[in-house]
Amino acid sequence: MDIEEIRLRMAERGMKVADLANAIGIDPNKVTKSLTGTRRWQANELLKLMDVLGAAPVATPTVQLDVIPIIGRVSAGAWKEAIAHPIDTIPRFGGLTSNAFGLELDGDSMDRLAPDGGIALVDPDDKALFPGRRYVVANGDGETTFKEFAADPARLIPLSNNPDHHEIILGEGETFTVIGRVCWVAQRA
């Protein structure tokens, strides 16, 4: 259904922008922008439009969203074995590489940034360590943790309200591997 057809069907039904917005459950400004061509209709909005305006789709549209998989859990505390199992997905947004993945946080050592159970999006293509950035790292035993990197001396710092969490000094007989930089964190809804 193109813009002119939508306008024609609205006129036939005596619908105003506000009426259509209410019927499909979106803000009237979005409808106005979509009717002027400055905004694209979302797939779910088009399906509702067809239902409200009486247009039958030629075929059921298939929409494939670009998503980031949440592939498991990572410790936000002491070194701990990572748990790998698909949990969920979230829509991909702004500048994240196609290799980005999400991890659910297990612990409160980063609770000033993200709570226990929050989600961290990891860019495995960004492994260069810079002070003040956050990373998921693995030790020589394959255990992982999520912390902020600091230099001089190289260490991993918790950002926690819990005083039980302490810095991990790197290089004291312990090898580690950077899994990737954490570029986004959030609380799960």
Just do the side-chain contact (heavy atoms from CB on, under 4.5 Å) check on L159 and R134 with the steps written out, would you? CA-CA 10 Å; L159 300 177; R134 289 81 186 216; 3.5 Å; yes
Please answer: with hydrophobic residues joined when any side-chain heavy atoms are less than 4.5 Å apart, are [X] and [Y] in the same cluster?
{"X": "W79", "Y": "V122", "value": "no"}
{"X": "I71", "Y": "I119", "value": "no"}
{"X": "L35", "Y": "V52", "value": "yes"}
{"X": "F146", "Y": "W184", "value": "no"}
{"X": "L121", "Y": "V185", "value": "no"}

Heavy atoms only: give me the nearest [X]-[Y] pair and the separation to one decimal.
{"X": "S75", "Y": "A78", "value": "OG-O, 2.6 Å"}
{"X": "H165", "Y": "A76", "value": "CE1-O, 4.4 Å"}
{"X": "D27", "Y": "A21", "value": "C-CB, 4.0 Å"}

Run through V137, L156, V136, I157 and flag the one making a side chain to side chain contact (heavy atoms under 4.5 Å, CB included) with K147. L156
Can you tell me how far the [atom1] atom of [X] sits from the [atom2] atom of [Y], to the nearest 0.5 Å?
{"X": "M110", "Y": "N162", "atom1": "CE", "atom2": "CG", "value": "13.5 Å"}
{"X": "D19", "Y": "R13", "atom1": "CG", "atom2": "CZ", "value": "12.5 Å"}
{"X": "S109", "Y": "D164", "atom1": "OG", "atom2": "CG", "value": "11.5 Å"}
{"X": "L53", "Y": "I6", "atom1": "CG", "atom2": "CD1", "value": "7.0 Å"}

For T144 and K80, which I'm curious about, is there any donor-acceptor pair between the side chains at under 3.5 Å? no
So do the side chains of [X] and [Y] get within less than 4.5 Å of each other, counting heavy atoms only?
{"X": "F176", "Y": "T145", "value": "no"}
{"X": "I90", "Y": "V67", "value": "no"}
{"X": "I70", "Y": "T89", "value": "no"}
{"X": "Y135", "Y": "V182", "value": "no"}

Residues passing the side-chain hydrogen bond (donor to acceptor under 3.5 Å, both in side chains) test with S34, sequence neighbours excluded, are R39
Which residue pairs satisfy the salt bridge (charged side-chain N to carboxylate O under 4.0 Å, His left out) criterion with at least one member in residues 108-131, sequence neighbours excluded? D126-R181
Holding to salt bridge (Lys or Arg N to Asp or Glu O under 4.0 Å), I want the full list of residues that pass it with E143, two or more places apart in sequence or in another chain. none
Check for a donor-acceptor pair, side chain of R7 on one end and backbone N or O of I3 on the other, with a separation under 3.5 Å. no
Are any side-chain N or O atoms of R155 and backbone N or O atoms of A151, one a donor and one an acceptor, separated by less than 3.5 Å? yes
Please test I168 against N139 for side-chain contact (heavy atoms from CB on, under 4.5 Å), starting from the C-alpha separation and ending with a verdict. CA-CA 11 Å; I168 300 170; N139 65 17; over 6 Å; no
What's the verdict on side-chain contact (heavy atoms from CB on, under 4.5 Å) for L103 and R73, showing C-alpha distance, side-chain angles and the deciding distance? CA-CA 5 Å; L103 294 169; R73 295 174 61 89; over 6 Å; no
